[in-house]
Structure formats: C-alpha cells, structure tokens
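Side chains included, hydrogens not; waters and symmetry mates left out as well; all remaining heavy atoms used. Just so you know, residue 1 is the first one in the sequence shown, and it goes up from there.
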Amino acid sequence: MASKNPRIDRDWREPIRRSEVATDFGITLARIQWDLFATLTFAGRTVPHERIAYGLAFRWLQEMAKKCGRPYNRLLIALRGEEGEENGRFHFHCLVGGTLTRNYHTLIHQAEWLWKIQTGGARVDVRQYDRSLAGAEYVVKCLGANNYELNKYSFANTVTLSSSIFRLIAAMDRVYERRRGPGHMEKRGGDEPSSASAGMVAVPA
C-alpha cells in the first residue's frame, strides 16, 4: 500500500540508486589496465595540511612520469585520500596506469624511493596491480576501501581522477558502440550522467 506521503515513497529508492552509481563507478575503473597501486603516508607527528599533502602526491606522480619516460598527462591516475580508522592520520591510496613499463620491479623501487626522498622517509608501499583479479571489488580494495564503502555514493566523490582516464573511457565507449552498431544504447531522456565523471575532479596536468 502506497504511503500517504509521496516523498517517503521516493526516498526509499534513493539509497538503491546511489549504491548502483557507486558500484558502477568501481566497474568503470576496473575496465582500465592499471600497472601499480600504492599507499602513501607521511612521516612525523604532524601530517601536512590536506592541500599540501595533495601537492606532494601530484609532485610524486610527476616525478614517476619522468622515471617512466612518459608525459605526465598520459599517466592514468586514481588518487584517494582518507584518514586512517585506527590513528586518524591522513594518507593516500593510488592506482597508476599508462607507464608502459617492462620492468615492474625497478619501477616499484623507484616509486618508493621518490616518495621517501620527498617526505623525509615516510612509509610507502607500492605493488604491481594484479590484472587477473581485476574487478570492482579489487579496484576498490587497491584504493583502500572495502565492499561496504563501494556501495556508498560518497565513495566515488573521494577519488580524484586524471583527465587521461576520462579520455580513455570515452574512447573505449566509442569503440564499444561501433562494435554494437548504430541505434544501440541511444541516450534516453533523463538518464543519469556517467558515474565515471560524477563528482570527479581531474588531477592537475
């Protein structure tokens, strides 16, 4: 029986819609061939202001691009900052693709060394992305979250994506639609925007 209050009937659908958008965001990121994922922390008792912390992360990514011999705007980057559950210290989780590396072992050591030099010896953990596990849940785990957070709409709003990801996803979608043929997947009135871009901010180039 419908409620006398129409707003109540609408409200129960909202968490479901948001959960679907957030899960779709994880699936979208899982389409990308990532190379590395990393956890970046800060040394000392005091964590830098968030704006400075992001600046250090962007600088680290720029230096990594140089090590790879790749233009910075060609790197694929998903960066997520969060406060630790146990100690409340701010830190980053990051996915990086587009390095074109043939030697992951060397690149991992270079990436860790760059962060330690930049932050005065802060703890850093860089690992090779396991493409055999690629999927929404694995991507979210690499970004320091869990299945519960994947189903929260706010999760997508905590991730900063590089402009190269938007370009890549758009190109992948164009290829997909060409293969499907004309007339397929036409946009319907009132459709939601892609969750790959919902609430996202591009990494500075």
Side-chain angles (χ1 to χ4, degrees), residues 25-26 29-30 32-70 72-150 152 154-162 164-165 200-205:
F25 174 73
L29 293 187
I32 296 171
Q33 291 193 350
W34 302 103
D35 297 322
L36 307 173
F37 67 94
T39 300
L40 312 171
T41 68
F42 297 93
R45 295 183 178 180
T46 304
V47 176
H49 185 277
E50 189 171 315
R51 180 176 57 82
I52 296 174
Y54 271 94
L56 289 168
F58 296 146
R59 179 183 169 192
W60 174 73
L61 290 162
Q62 290 167 352
E63 292 299 319
M64 193 191 307
K66 293 177 183 178
K67 291 292 183 182
C68 297
R70 296 283 288 161
Y72 178 57
N73 63 5
R74 294 292 182 89
L75 282 190
L76 302 167
I77 301 166
L79 180 68
R80 178 174 182 256
E82 68 167 358
E83 294 183 354
E85 293 183 0
E86 295 182 1
N87 53 25
R89 287 179 64 86
F90 185 79
H91 61 282
F92 289 108
H93 297 281
C94 185
L95 280 162
V96 181
T99 65
L100 300 186
T101 185
R102 295 184 177 180
N103 190 333
Y104 284 97
H105 183 75
T106 296
L107 181 58
I108 286 170
H109 280 283
Q110 289 176 332
E112 291 183 337
W113 178 80
L114 285 170
W115 184 255
K116 286 181 178 293
I117 292 296
Q118 191 171 294
T119 59
R123 186 179 68 83
V124 54
D125 182 19
V126 182
R127 301 185 186 187
Q128 183 176 351
Y129 182 83
D130 188 344
R131 294 177 182 173
S132 69
L133 300 176
E137 293 181 4
Y138 181 60
V139 164
V140 170
K141 182 179 179 181
C142 292
L143 289 173
N146 53 42
N147 291 345
Y148 169 71
E149 290 174 282
L150 170 62
K152 293 168 62 179
S154 57
F155 169 75
N157 291 327
T158 66
V159 182
T160 302
L161 301 179
S162 59
S164 55
I165 289 182
M200 296 299 97
V201 179
V203 173

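- At least one side-chain heavy atom of F58 sits less than 4.5 Å from a side-chain heavy atom of L79.
- Listed by chain and residue number, nothing satisfies the salt bridge (Lys or Arg N to Asp or Glu O under 4.0 Å) test with K116 (two or more places apart in sequence, or in another chain).
- In terms of the side chain to side chain donor-acceptor pair (under 3.5 Å) criterion, T101 has no residue partners (sequence neighbours excluded).
- Under the rule for a salt bridge (Lys or Arg N to Asp or Glu O under 4.0 Å), D130 has no partner lying at least two apart in sequence or in another chain.
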**OP:** Applying side-chain contact (heavy atoms from CB on, under 4.5 Å), run through Q118 and L56 and close with a yes or a no.
**Re:** CA-CA 8 Å; Q118 191 171 294; L56 289 168; 3.6 Å; yes
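- For the atom pair CG (L36) and CE (M64), the distance works out to 6.0 Å, reported to the nearest 0.5 Å.
- Residue-environment remark: CZ (R59) stays at or below the threshold of 12 foreign heavy atoms within 6.0 Å.
- Within a 6.0 Å sphere centred on CZ of R70, other residues, nucleotides and ligands contribute more than 12 heavy atoms.
- Here the side chains of L61 and C94 are in contact, with some heavy-atom distance below 4.5 Å.
- Closest approach of F90 to A53, counting heavy atoms only: CE2-CB, 4.0 Å.
- The distance from the CD atom of E83 to the CZ atom of R89 is 11.0 Å, given to the nearest 0.5 Å.
- Note: Y129 OH to I32 CD1 = 9.0 Å, rounded to the nearest 0.5 Å.
- L114 CG to Q62 CD: the interatomic distance, rounded to the nearest 0.5 Å, is 12.0 Å.
- To the nearest 0.5 angstrom, L95 atom CG is 8.0 Å from I165 atom CD1.
- From R80, atom CZ reaches atom CZ of F92 across 11.5 Å, with rounding to the nearest 0.5 Å.
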Could you pull out every donor-acceptor pair under 3.5 Å between side chains of residues 103-113 and any protein atom, sequence neighbours left out?
residue	atom	partner	partner atom	Å
N103	OD1	H105	N	3.3
N103	OD1	T106	N	3.0
N103	OD1	T106	OG1	3.2
N103	ND2	T106	OG1	3.0
Y104	OH	D35	OD1	3.3
E112	OE2	V126	N	3.0

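- A donor-acceptor pair is defined here as one N or O able to donate and one able to accept, closer than 3.5 Å; such a pair exists between the side chain of W34 and the backbone of L29.
- Side-chain contact between V140 and F25 is absent, with no heavy atoms from C-beta onward closer than 4.5 Å.
- In terms of the side chain to side chain donor-acceptor pair (under 3.5 Å) criterion, residue partners of K66 (sequence neighbours excluded) are, by chain and number, E63.
- Side-chain N or O atoms of S164 include one that pairs as donor or acceptor with a backbone N or O of L75 at under 3.5 Å.
- Within 6.0 Å of CZ in R131 there are more than 12 heavy atoms belonging to other residues, nucleotides or ligands.
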Pairs of donor and acceptor atoms involving the side chains of residues 37-45, under 3.5 Å and at least two apart or interchain, shall be tabulated with distances.
residue	atom	partner	partner atom	Å
T39	OG1	H93	ND1	3.3
T41	OG1	R123	N	3.2
T41	OG1	R123	O	2.5

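- Residues satisfying the salt bridge (Lys or Arg N to Asp or Glu O under 4.0 Å) test with R127, not counting sequence neighbours, are D125.
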